[in-house]
Every structure is written in C-alpha cells, then in structure tokens.
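Read the structure below first, then the notes.
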Amino acid sequence: MKIVDPATEEEIAFIEPGEVGPVVENAKRAFASWRRVSPGDRAKLLRRFASVIDAHIDELAAIEVRNAGHTQGNARWEAGNVRDLLDYYSGAPERLCGLQIPVAGGWDVTFHEPLGVVGVIVPWNFPMPIAAWGFAPALAAGNTVIIKPAELTPLTALRIGELALEAGLPEGVLTVLTGPGSVTGRELVSHPDVRKICFTGSVEVGKQIMAACAPDLTRVTLELGGKAATVLFADANLEKAAAALPGAVFDNAGQDCCARSRLLVERSVHDEFLALLEPHVRNWRCGTDMGPLISAAQRERVASYVDNPLMQGSAPHGKGYWFPATVLAAGPGDRHWREEVFGPVLSVMPFDSESEAIRLANDTEFGLSGSIWTRNLGRAMRVSRAVEAGVLSVNSHSSVRYWTPFGGVKQSGLGRELGPDAPLAFTDTKNVFISEED
Ligand code: NDP
C-alpha cells in the first residue's frame, strides 16, 4: 500500500498488508494470559504505556503531519490524547467492580468478564485518537486488541503498536493489522474468534459491518457520520459564536464527524451574524489553521458540493489536496445541507421560531452532535432535550471529551464510547449464585 503525504502528494512509505488469521490467533493466545494479569499490574502497564507515548509525542505528531496532513498543533494534541486516554483508563482495571445482590437462599455476585479479541477499525480522519478510544478501555477491561487502521493513514498506529511492546505489554495484546478494508477489514469482522468490533467510518460500511457481525453475534459499536447543526438564537453572544464557529466546522479541514456543518441562525440576526463571521472565515488559513483534505478523491468530492459561495477563504495552488474554508447559503433540499460533505464547508439557513429551529435541526438522517447558542437557560435546556443527537453543547462547540460518553442516534451510530463506563462495553456481565447449602 502506497502512503502519500496529502500536503505534497509525495510518496512517503510503502506498507505490506498483514494476514488476518495469524494475527487473530496470536491475539487469542495472548488473551488467555492477559486476562489473568492482576488488575494492579494491568493498571501499571497501561500507565507505563501512557508515559512511553508521552515521551514520543513529537515523533508521533511528526508522523501524523506527514501521513494525514494535520497541523502541527492538532497532531500534538492527538498524540497527547492517546496518552491521556491510557492514563484515564489505567484507573479502570482496579475499579471494575461487580454487584452483590440480595437474594433468597444464598448469595449473588456479578463479574465483568472481558470479551476476548476486539477489533478496532479506524478511519483516516483522526487516526490516533479514534484508535485509542477503542484500545485504551478495551485493554483496561482485559481484552486483547487488533487495530485495523485506514489504508491511507496506518503510520501512527504502526508506531503505537511498537511503543506498546516497548512499554512492556506482552506480544499479541495490542497488534496493528494493515490492509484494505474491503479485504482485510472484512475478514477481521467475520473472524469467529473476534468477539467485538468497534468501527468508526461511513454509514454504508457501518451497516455492512453490522450485517457481517450478525452470524456470530459479534458485539459491535458503530460511530458513523454526522451533520451537526449549530442553532444560534438572537440573544446569544454573537461575537463569541462567530469567533468559535470556524474552529467547529473547518478544523481538520472539516473531516470530522462532529463538524458543525449546518448553521441555523435566527432570522433577525442573520445578516449581522454573517458580517461578524466573515473575517474569521477569511482569516482561517490553510497550513496553520487546517491542513489539506486527505486525498485527491476527497477534494473532488468536496468540490462537487460547492457552487456560488457566500464567502470563502483562500487555499494554496499547486501540489497538495487543499480546499478553502467555504460558506454556502442553503435551502432544505440542497445536497450540501443534507449530506455529510466531510470538508471545510458550512451551510447556513435562517429560522423564525424555536420550534422551526428544532424541526430543521432534526430534519436529517444523522444525530451525532450539535450546539445551541443562547443566553436563555430554559430555552437552552428545552432545545437540548428536543434535538435528536447524542452529544450536545451549549454556548460552546465541544463534542469529544474522554471523560464523557460519545456516540450518535439515528444513522450516526450505535453504542457509546469514552466516559467512565467505556470499559464495561468491553465486558459481558456474569452472574453467579452461591447456594447457602453445601
Ligand atoms: P470507510 O467507512 O470506507 O472506512 C473506514 C474504515 O473501515 C477504514 O479503516 C476502512 O479501511 C475500513 N473498511 C472499509 N470497508 C470495510 C469493510 N467492508 N469491512 C471492514 N472494514 C472496512 O470510510 P472512507 O474512508 O471511505 O470515507 C468515506 C466517507 O465516510 C467520508 O467522506 C465521510 O463522509 C465518512 N467518514 C466518517 C468518519 C467518521 O468519523 N464518522 C470517518 C471516516 C469517514 P480502508 O481505509 O483500508 O478502506
């Protein structure tokens, strides 16, 4: 597999695809001993893994800048996020407490048993964090993990796999399996010894994976697309909202399932808000604020949505898959309003009432994230409860924080990742009744 720097179009590596059978066999063998590592020792190993990652932040960030085209600042944050996830979930092995349930005639206790081999299938938009959202809690709960990185962006995952060994994780506990999704990914999902798949990517492939998991009842978590709306009321802090919005939609060149790609703005402040937004859009710079799109195909796809922009930043010409920050006026039937563009494109539509804003925000097959901007607390809560999405923020654009649960409703996915309960999603509850009679 030829690996290309999307900022220069230079070939930077050549990777051989791995073989699914031996990798799963190895992970299965490692599981037998990893599940027996005492909780305290497993916690120590995860903490050591976190410090090895910490010592390699610059190296991992440099790899991601070249492989995924991320900005230096983003790539460093992403490597730091892997460290933080390992630190956070290193608290879990010693806290995976079951219940003692009062019953007649004896005692009843529950255990959180690890599932076995877990496959984490990762897309190209955030290769490091998305891999760690799966592997950190899965390892903490006593599973072994196989990461299947995206074909375009395997380099940081391969290095993280090496660092896991350097930190002392036994061989086979965390393995990286490269190869095309349509072959390697498909085979991994259907392997009878893989007990859970965590998938992040497109809705179409997510549905195929869910179907492929059915024959063996393989557990599955799906983090799919999004079409997040910012609902901006006239009483909001408009200057603050205008300054924050470009980061929320154009960061990572909009290749983010939580990108606030739709703006619903109350009609009475529509023109004023766009005037406040314009300088921030024009100043959103390629190279420092966002990188290129991941591939020529992605740039072509994004460009197909753009016609007659309301405002647009600039992008370098020549080599690299650059695309400028773009704002479009939208009507309810427009493709760019309805489909996940996955590029730096914001679609704007006015609304006249709270109920209309809620109806328009929910008029989508997706339901991952969104933002509500208002100074009216009652309205903020009413709208938060009415918008069909898994992760909402008020007067802020935050979505993914490892302390809090993350995931979507409707076609945006199934199950939740992150937050304090994530390790439980990598276990099955076992219930044991002990009779008081011998
Ligand atoms: P895909 O859904 O095709 O890929 C995501 C991951 O799944 C990759 O590792 C891919 O491997 C793997 N994969 C692909 N097919 C299979 C399969 N049949 N069985 C198992 N694994 C498989 O996303 P794309 O990269 O094609 O992106 C297309 C669109 O999807 C984007 O434009 C965007 O709209 C959306 N998307 C959403 C993401 C999100 O964060 N929710 C992330 C990425 C994309 P390989 O790369 O080798 O094909």
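Numbers for residues simply follow the sequence, beginning at 1.
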Qualifying salt bridge (charged side-chain N to carboxylate O under 4.0 Å, His left out) pairs, either residue in residues 318-345, two or more places apart:
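Every pair satisfying salt bridge (charged side-chain N to carboxylate O under 4.0 Å, His left out) with a residue in residues 318-345: R335-E339, R338-D363.
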According to salt bridge (charged side-chain N to carboxylate O under 4.0 Å, His left out), does anything in residues 182-206 pair up with another residue at least two apart or in another chain? List the pairs.
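For residues 182-206: K28-D193.
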Backbone N or O of [Y] within a donor-acceptor pair of the [X] side chain at under 3.5 Å?
{"X": "S347", "Y": "H336", "answer": "yes"}
{"X": "S412", "Y": "G367", "answer": "yes"}
{"X": "N67", "Y": "L155", "answer": "yes"}
{"X": "S393", "Y": "S398", "answer": "yes"}
{"X": "T427", "Y": "P114", "answer": "no"}
{"X": "K227", "Y": "R262", "answer": "no"}
{"X": "T110", "Y": "L99", "answer": "yes"}
{"X": "N143", "Y": "V117", "answer": "no"}
{"X": "E11", "Y": "V4", "answer": "no"}
{"X": "T404", "Y": "R401", "answer": "yes"}

side-chain hydrogen bond (donor to acceptor under 3.5 Å, both in side chains) involving [X] - partner list, sequence neighbours excluded:
{"X": "T374", "result": "D235"}
{"X": "E388", "result": "K410"}
{"X": "D352", "result": "R267"}
{"X": "E19", "result": "none"}

Pairs flagged by ring-ring contact (aromatic ring centres under 6.0 Å, His included) wherever residues 208-247 is involved - sequence neighbours left out:
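The answer is F233-F351.
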Quick one: pull up [atom1] in [X] and [atom2] in [Y] and give me the separation to the nearest 0.5 Å.
{"X": "W373", "Y": "L245", "atom1": "CH2", "atom2": "CG", "result": "8.5 Å"}
{"X": "N125", "Y": "T153", "atom1": "CG", "atom2": "OG1", "result": "8.5 Å"}
{"X": "H112", "Y": "L424", "atom1": "NE2", "atom2": "CG", "result": "5.0 Å"}
{"X": "N81", "Y": "I53", "atom1": "CG", "atom2": "CD1", "result": "11.0 Å"}
{"X": "R159", "Y": "E59", "atom1": "CZ", "atom2": "CD", "result": "4.0 Å"}
{"X": "I121", "Y": "I197", "atom1": "CD1", "atom2": "CD1", "result": "4.5 Å"}

Holding to salt bridge (charged side-chain N to carboxylate O under 4.0 Å, His left out), I want the full list of residues that pass it with E354, two or more places apart in sequence or in another chain.
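Counting only residues at least two positions away or on another chain, E354 forms a salt bridge (charged side-chain N to carboxylate O under 4.0 Å, His left out) with R382.
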So, using salt bridge (charged side-chain N to carboxylate O under 4.0 Å, His left out) as the criterion, who are the partners of E278 when residues are at least two apart?
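With neighbours one apart ignored, the set is R282.
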Can you name the residues that form a side-chain contact (heavy atoms from CB on, under 4.5 Å) with [X], not counting sequence neighbours?
{"X": "V203", "value": "K207, L224, F366, Q411"}
{"X": "D58", "value": "R76"}
{"X": "E113", "value": "R35, F111, K430"}

Which heavy-atom pair separates [X] from [Y] by the least distance, and what is that distance?
{"X": "A259", "Y": "V249", "result": "CB-O, 4.0 Å"}
{"X": "D87", "Y": "R47", "result": "OD1-CG, 4.3 Å"}
{"X": "P93", "Y": "R42", "result": "CB-NH1, 4.1 Å"}
{"X": "K148", "Y": "L188", "result": "CB-CD2, 4.1 Å"}

Answer whether the closest heavy-atom distance between the side chains of [X] and [Y] falls below 4.5 Å.
{"X": "V400", "Y": "F126", "result": "no"}
{"X": "P405", "Y": "L418", "result": "no"}
{"X": "R416", "Y": "D421", "result": "no"}
{"X": "T71", "Y": "D251", "result": "no"}
{"X": "P316", "Y": "C286", "result": "yes"}
{"X": "C258", "Y": "H397", "result": "no"}
{"X": "F49", "Y": "I160", "result": "yes"}
{"X": "P423", "Y": "R95", "result": "no"}

Please assess L139 against L169 for the test side-chain contact (heavy atoms from CB on, under 4.5 Å), listing each intermediate value before the final yes or no.
CA-CA 10 Å; L139 293 175; L169 265 72; 3.9 Å; yes
Applying the ring-ring contact (aromatic ring centres under 6.0 Å, His included) criterion to W133, which one of F406, F426, Y402 satisfies it?
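Only match with W133 under ring-ring contact (aromatic ring centres under 6.0 Å, His included): F406.
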One pair to check against side-chain contact (heavy atoms from CB on, under 4.5 Å): T230 and L346. What are the steps and the verdict?
CA-CA 10 Å; T230 296; L346 172 67; over 6 Å; no
Is the number of heavy atoms from other residues, nucleotides or ligands under 6.0 Å of [X] [atom1] greater than 12?
{"X": "M1", "atom1": "CE", "value": "yes"}
{"X": "M210", "atom1": "CE", "value": "no"}
{"X": "E300", "atom1": "CD", "value": "no"}

Can you classify the ring geometry of W284 versus F250 as parallel (below 30°), tilted (30 to 60°) or perpendicular (above 60°)?
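It falls in the tilted class, 30° to 60°.
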Under 6.0 Å between ring centres: does that hold for F342 and W124?
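Under 6.0 Å, so yes.
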Under the criterion side-chain contact (heavy atoms from CB on, under 4.5 Å), I'd like the reasoning laid out for V189 against V194: C-alpha separation, chi angles, the key distance, then a yes or no.
CA-CA 7 Å; V189 170; V194 173; over 6 Å; no
Before you tell me yes or no, could you show the steps for E417 and C198 under side-chain contact (heavy atoms from CB on, under 4.5 Å), namely the whole-Å CA-CA distance, both residues' side-chain angles and the distance that decides it to 0.1 Å?
CA-CA 9 Å; E417 297 189 285; C198 284; 4.3 Å; yes
S371 and R260: side-chain donor and acceptor closer than 3.5 Å?
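Yes.
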